[in-house]
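Contents: one structure, followed by commentary.
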Amino acid sequence: MAKIRPVGDRVVVKPAAKEEVTKSGIVIPDTAKEKPQEGTVVAVGSGRLLDNGERAALEVREGDRVLFAKYSGTEFKLDGEEYLVLKESDILAVLS
Amino acid sequence: MAKIRPVGDRVVVKPAAKEEVTKSGIVIPDTAKEKPQEGTVVAVGSGRLLDNGERAALEVREGDRVLFAKYSGTEFKLDGEEYLVLKESDILAVLS
Amino acid sequence: MAKIRPVGDRVVVKPAAKEEVTKSGIVIPDTAKEKPQEGTVVAVGSGRLLDNGERAALEVREGDRVLFAKYSGTEFKLDGEEYLVLKESDILAVLS
Amino acid sequence: MAKIRPVGDRVVVKPAAKEEVTKSGIVIPDTAKEKPQEGTVVAVGSGRLLDNGERAALEVREGDRVLFAKYSGTEFKLDGEEYLVLKESDILAVLS
Amino acid sequence: MAKIRPVGDRVVVKPAAKEEVTKSGIVIPDTAKEKPQEGTVVAVGSGRLLDNGERAALEVREGDRVLFAKYSGTEFKLDGEEYLVLKESDILAVLS
Amino acid sequence: MAKIRPVGDRVVVKPAAKEEVTKSGIVIPDTAKEKPQEGTVVAVGSGRLLDNGERAALEVREGDRVLFAKYSGTEFKLDGEEYLVLKESDILAVLS
Amino acid sequence: MAKIRPVGDRVVVKPAAKEEVTKSGIVIPDTAKEKPQEGTVVAVGSGRLLDNGERAALEVREGDRVLFAKYSGTEFKLDGEEYLVLKESDILAVLS
């Protein structure tokens, strides 16, 4: 997604629609205290600024299928599609 | 905008008028928990002071079209126009 | 478990079923203020990002039998099985 | 102002009188959540102490016209004039 | 105790029985705001992870008789015996 | 004052009597949110411990006339005189 | 006091009895917001762990007469005597 570039250690994620979740085999229990959500990374930032002034590249990549904490990040719409801007630290795991 | 120079890791942003938002294709959902806002960077500071005494240049540049967290920063008026002073960390993403 | 890769200093743990706990000899007192739980590490992240930009490998390994703070982490289901994503710092000890 | 030397990363600011604000073109909206105030830097400290024991010189200079967060700092009077002692981080921007 | 290995800067302590406390000469006043407790270190972790990626060995050793803050740590039972997992920073002093 | 040596980045200050304040020209407005107080430094500590194990010498010196935040520090009496032990960071400015 | 060795940047202090306080000339005002207390250091820890893995030796020494914040630390009794375990940062000043 060339239209948006997250700043620092942020990523843009497209949340998965309900049907997709079923296909991947991941099911989030309704009773979970803190429910994770599934989505696809569509853009990653330049990384976290280190104390020596360099940037540490993010661990997640464009196209990664990820689990993230449900109520984290900021929602926005671009060309009619819903996205989330998250910090990489809100990403729990990469699915493969 | 030569008349104002933000200090440290701050930037000055001119918030987008409503019509502009529509043109760029970004629509902010009314129901979003934390709604981002769109604007244009008009001045950037000298960067964050690192532990070694150097400054890390900001990642956003003058002229960048940006998404930022809605209630962040400090509003002021200069020559009749409204601006915001924000920390770079309040900038979520650069649009292109 | 090749299907999930935790991010950073996170691990994925399969919580032990009640019968297993009995076998290992560990019994968690009902009256404990903060009760630990037992489980098996099924996947580990790439480690904590250090200030110099390197990653410090995790101390726990895939297959480790661990004690962890009971209400920590995030639950999810994969192929019908329940798992938890935890930070390594939520792991109290490795049993052997 | 030779009579006062701020400590560390502090600065002494003489708040602008109302008429001056009008002249500079800056108008602070009455409805702003966090209103900035305008003033002139009259003394600067030796800078922030870095981890290596050196001092990082302040970015603002004596004579700078500045915007600062309105309720920050500590007021005092010297020879009948009102001043504020602020941390440099309370200074939002330098006007020129 | 070969059966348990604490993670990072944690230690496993076997709390002292009441009679033992009397023998050692330590008496905890009933009126103390924050009462310490006595016990024996039975296992120590690999140490705190430093910023350079190395581990700083713990200061307490297996077999040390220690005073620790009373309500710190997490209780568990192993082979019918009660233990606590604590951070080394919860250990106040070593008795000798 | 040879009888007391503050620890680390602390200083001992003798608060100014009311008459002295008038003489120096400093007047603290009654309506100030956070009122500073005037005093004289009578002893300084060895300085803040840096990450490399060295000490950074304090910026204020014995004999300095200082402004400090009014309700900071700890009061004590020595030989019938009242003093305050403050952290150097509670000192706002040095008067000269 | 060879029987107790504080951990890290902790010290063991024997609080002064009331008569002793009078002799030394220090009097704590009854109306002080945060009253300091007087005592004698009887044991010191190995020092604070630095980021490079070394220990910074404590500034206070065995035998030092010290002022410390009144409600800090943890009380315990050893051989019928009352002591306190404190962090060095709770020690305000050394008296001489």
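Each chain gets a letter, A, B and so on, in the order its sequence line appears, and its residues count up from 1.
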Answer with side chain, backbone, both or neither: which region of E:Arg55 has an atom nearer than 4.5 Å to a non-hydrogen atom of chain G? neither
Set of residues satisfying side chain to side chain contact (heavy atoms under 4.5 Å, CB included) with respect to G:Ser89, sequence neighbours excluded: G:Lys87
Flag the one option from G:Leu50, G:Leu49, G:Val85 with the top tally of heavy-atom pairs under 4.5 Å to chain E. G:Leu49
For the pair E:Glu88 (side chain) and E:Val60 (backbone), establish whether a donor and an acceptor sit closer than 3.5 Å, ignoring hydrogens and angles. yes
Under 4.5 Å from a heavy atom of chain G, the part of E:Val66 involved: neither
In short, G:Ser72 meets G:Leu84 closest at the heavy-atom pair O-CD2, 3.9 Å
Taken in chain and number order and not counting sequence neighbours, the residues that satisfy side chain to side chain contact (heavy atoms under 4.5 Å, CB included) with E:Arg61 are E:Asp64
